[in-house]
Asks: 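Below: one structure in structure tokens.
Just so it is clear: chains get the letters A, B, ... in the order the sequence lines come, proteins before strands, and each one is counted from 1. Keep in mind the model is a prediction, meaning the values are calculated, not measured.
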2 protein chains.
Amino acid sequence: MGPTHMTKHWGRAVPNAASETLARAAHLYYVLGLTQAEVAKRLSITRFKVHRLLAQARETGMVRIEIDVPFAERLELEAALMERYGLTAAFVCPSDETEDMPLPIVIGQYASGIVNDLLRDGQTVATSWGSTLLALARSIDPGAVQQLSVVSMIGSLSTRSSQDKYEAASVLADRIGAECFYLPGPILCDNVDAKKAIESQPVVQTAMKKAKEADVALLSIGGSEMSSLRLAGVASEADYDSATKAGAIGNFLGRFIGKDGAVIDHPLNALCLGIGPEDIRQIPVRVLCAGGKHKVAAIGAVLRREAATILVTDEDTAKALT
Amino acid sequence: MGPTHMTKHWGRAVPNAASETLARAAHLYYVLGLTQAEVAKRLSITRFKVHRLLAQARETGMVRIEIDVPFAERLELEAALMERYGLTAAFVCPSDETEDMPLPIVIGQYASGIVNDLLRDGQTVATSWGSTLLALARSIDPGAVQQLSVVSMIGSLSTRSSQDKYEAASVLADRIGAECFYLPGPILCDNVDAKKAIESQPVVQTAMKKAKEADVALLSIGGSEMSSLRLAGVASEADYDSATKAGAIGNFLGRFIGKDGAVIDHPLNALCLGIGPEDIRQIPVRVLCAGGKHKVAAIGAVLRREAATILVTDEDTAKALT
DNA sequence: CACCCAGATGCACAAATGTGCAATGTATGA
DNA sequence: TCATACATTGCACATTTGTGCATCTGGGTG
């Protein structure tokens with residue numbers, strides 16, 4: 001930097017002092033890299049004045065900080081989502097869907113990294129299911145945390161066994177070596193009485209209680225088509241049609257929800273086993289992992305209800321949501 | 001800014017973590033304006049790491065600070081001049097010469113503001129003369145300092161009176177209400193004996209001693225043509241021609257100097273009354289005020305000899321000097 | 001001329017940022 | 001395998017920056 005033998009002071013040195021001092025200060029500080037105190041000395045003004053001058057230089061656009069980060073758009077989207085939906089955090093991954101890597105898998109894998117960092121030893125994780133959460137569970141880092149408890153929030157998709165290796169809960173517990181609390185029963189019961197009977201079982205009560213008291217919830221959204229529910233054959237085409245007619249735009253925790261994000265009034269919802277949207281508010285960290293064109297409306301509706309505190313989604317969905 | 005209910009930590013959240021973390025940190029810090037500590041918390045890394053990440057982001061050009069100050073070029077020139085010639089400071093004014101405002105006047109007026117700020121109560125200012133320094137003296141702020149002493153470094157230009165109102169010293173002393181020590185005698189004596197006689201006078205001795213002990217020196221340069229020396233008729237055309245033949249590229253403190261800035265070996269220089277380039281080194285602050293195409297070479301030569309600590313010049317000259 | 005207000009100024013203190021160093025981890029070559 | 005160099009990390013501490021507030025200042029205005 002400049003010469004070293006500097007003892008004297010000088011400063012305002014010209015008729016149109018105001019603007020020249022401003023320019024001089026900005027130049028000394030931002031270009032030559034002097035400290036505010038050094039600038040002050042050279043201009044024989046106080047440090048405070050220099051500080052105010054620099055603020056002015058920034059405000060008037062004389063000095064700009066340009067940033068050109070890769071992923072800039074995604075980061076912007078994250079900030080926008082947080083702002084718009086009052087989220088604690090939002091994560092947006094690229095929307096690079098491929099033949100053997102459909103969007104739910106992409107998002108699930110991306111989310112796994114986030115959840116890895118989120119979890120702490122000894123915590124309880126409540127999870128629902130779906131292809132996204134399954135992908136998440138499959139790529140979770142084993143050994144990232146110890147003493148984890150995993151608990152199902154809703155009944156099983158599989159009609160055969162509650163310990164299905166296609167359910168997020170079991171895969172997650174398996175990989176991470178955690179104890180696992182299942183909800184032994186189907187997601188959709190045959191009738192209201194059957195549901196009541198299952199619900200009243202102590203095991204189910206315990207699991208549901210534990211789920212409600214979890215530290216972290218992993219959530220997803222079933223869209224209006226191709227949901228796991230439909231694919232698993234648990235809900236029929238006719239069921240879906242009638243739900244859609246009744247205003248369903250998606251499926252959240254097994255329940256069909258409407259435009260406003262609320263559970264709609266539909267017979268199928270009465271048969272749904274497990275804790276519902278209204279029960280998860282007390283779980284402090286609720287991570288919603290979902291993306292895809294046909295899920296946008298439902299995601300937006302759920303977020304507007306503040307059902308989630310963290311969102312993990314893809315770029316296209318994020319754009320649609322902001 | 002973001003939501004307020006933030007308790008958890010998270011961070012590296014993606015396969016290509018290295019670059020993504022970098023981008024994330026830069027974005028949080030520079031775009032969203034979080035502090036390094038806040039960024040660290042969100043990314044669950046230490047503040048120090050954030051600091052290093054940001055440094056990297058700056059180095060790799062991911063983040064640029066663009067400044068667009070008016071006068072930017074002039075400020076750059078000042079910095080370049082300081083660097084190049086080891087100056088304590090440099091000031092560059094616009095080269096706006098007009099009909100009734102020739103360059104020396106422009107520079108002199110500009111320099112007056114600088115000298116104003118430079119002077120302290122009770123100091124002694126040694127000055128030479130020339131149109132630039134005269135302009136300086138005429139626009140100095142009266143009352144800016146008290147108890148000043150002004151002293152001539154070299155003999156008078158005017159053949160009539162030593163207290164000429166066209167001499168910088170008297171004008172300066174007058175305007176600022178300072179006591180003034182003249183060098184009673186002509187800048188060029190008739191012969192060596194006359195010079196010796198004048199020099200040996202106590203008044204002259206006193207003045208020269210005081211000049212050498214001054215706090216601030218005001219210096220200028222006579223170019224190869226149209227110098228005050230020539231205009232005043234003190235030096236004849238023939239004198240000038242012979243000096244030029246002997247290698248003179250300008251005039252400094254009444255002496256003809258060569259390409260290297262040294263006083264050349266020429267009879268006229270032996271007749272010059274006043275302290276010379278070699279005597280001013282002990283004056284701590286030496287302000288050279290000069291500009292103009294025909295003075296560039298001389299200014300450069302003088303600066304290379306470190307005869308000045310501060311330079312005041314105009315944009316075109318500054319460009320030629322760097 | 002006294003009064004008041006708005007803006008500028010400086011200061012004490014609080015917050016944020018930067019840095020040298022020692023400890024730790026990690027690759028390299030003998 | 002060990003030793004050696006070399007990079008990474010965190011920390012205590014020093015420096016730099018930011019801020020709320022009391023004070024000053026100048027210049028309308030009744």
Side-chain angles (χ1 to χ4, degrees), chain A residues 1-2 4 6 9-67 69 116-117 120 141 143-144, chain B residues 1-2 4 6 9-67 69 116-117 120 141 143-144:
Chain A
M1 219 131 292
T4 52
M6 182 139 326
H9 300 183
W10 39 76
R12 183 223 48 129
V14 83
N16 57 344
S19 131
E20 175 127 356
T21 307
L22 194 59
R24 239 171 237 292
H27 186 258
L28 290 171
Y29 187 77
Y30 286 110
V31 180
L32 301 193
L34 307 201
T35 69
Q36 294 183 359
E38 288 172 313
V39 174
K41 200 194 271 186
R42 280 225 196 161
L43 265 35
S44 50
I45 54 182
T46 65
R47 190 174 66 73
F48 310 103
K49 192 155 186 167
V50 171
H51 185 251
R52 279 151 188 156
L53 246 30
L54 293 176
Q56 199 183 330
R58 264 173 269 132
E59 279 160 22
T60 59
M62 228 160 93
V63 174
R64 297 181 302 282
I65 309 181
E66 310 243 317
I67 93 149
V69 299
N116 263 334
D117 285 351
R120 295 285 171 270
D141 176 20
Chain B
M1 217 132 288
T4 53
M6 182 141 322
H9 299 184
W10 39 76
R12 180 224 51 128
V14 82
N16 56 342
S19 126
E20 176 127 356
T21 306
L22 193 59
R24 239 170 236 292
H27 185 259
L28 290 172
Y29 187 76
Y30 286 109
V31 180
L32 301 193
L34 307 202
T35 70
Q36 293 183 0
E38 289 172 314
V39 173
K41 200 196 270 186
R42 279 227 198 162
L43 265 35
S44 50
I45 55 182
T46 66
R47 189 174 66 75
F48 311 102
K49 193 155 187 168
V50 172
H51 183 253
R52 278 150 187 156
L53 245 30
L54 293 175
Q56 199 183 330
R58 262 172 271 135
E59 279 161 21
T60 60
M62 227 159 92
V63 173
R64 298 180 300 282
I65 309 182
E66 310 243 318
I67 94 149
V69 298
N116 263 335
D117 286 351
R120 295 284 170 271
D141 177 19

Asks: Starting at the 5' end of nucleotides 11-22 of chain D, put B wherever the base has a protein heavy atom under 4.0 Å, S where only the sugar-phosphate does, and a dash everywhere else.
Replies: BB---SBBBB--
Asks: Nearest-Å distance, CD (A:Q56) to P (C:dT9)?
Replies: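 Distance check: A:Q56 CD to C:dT9 P gives 11 Å.
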Asks: Show the nearest heavy-atom pair for residues B:Y30 and B:V63, with the distance to one decimal.
Replies: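 Scanning both residues, the minimum pair turns out to be CD1-CG2, 3.7 Å.
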Asks: Hey, is the main chain of B:D141 close enough, under 3.5 Å, to the side chain of B:N116 for a donor-acceptor pair?
Replies: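 Yes.
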Asks: Please identify each residue that fulfils salt bridge (Lys or Arg N to Asp or Glu O under 4.0 Å) with A:R58, with sequence neighbours left out.
Replies: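 A:R58 satisfies salt bridge (Lys or Arg N to Asp or Glu O under 4.0 Å) with no residue once adjacent residues are dropped.
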Asks: Calculate the interatomic distance between B:K41 atom NZ and C:dA15 atom C1'; express it in whole Å.
Replies: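 After rounding, the reported distance stands at 15 Å.
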Asks: Of all the heavy-atom pairs spanning B:V69 and A:M62, show the shortest one and how long it is.
Replies: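 Of all heavy-atom pairs spanning B:V69 and A:M62, the closest is CG1-CE, 3.4 Å.
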Asks: Take the protein atom CG of A:L53 and the nucleotide atom C1' of C:dA8, then report the distance between them rounded to whole Å.
Replies: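 Rounding to the nearest Å, CG of A:L53 and C1' of C:dA8 are 12 Å apart.
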Asks: Rounded to the nearest angstrom, tell me the gap between atom NZ in B:K49 and atom P in D:dT9.
Replies: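 So the NZ-P distance, B:K49 to D:dT9, works out to 4 Å.
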Asks: Could you report the tightest heavy-atom contact between A:A25 and A:L53, atom names first, then the distance?
Replies: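 Closest pair (atom of A:A25, atom of A:L53, distance): CB-CD2, 4.2 Å.
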Asks: Would you confirm whether B:T60, through its side chain, and B:A57, through its main-chain N or O, come within 3.5 Å as a donor-acceptor pair?
Replies: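 It does hold such a pair.
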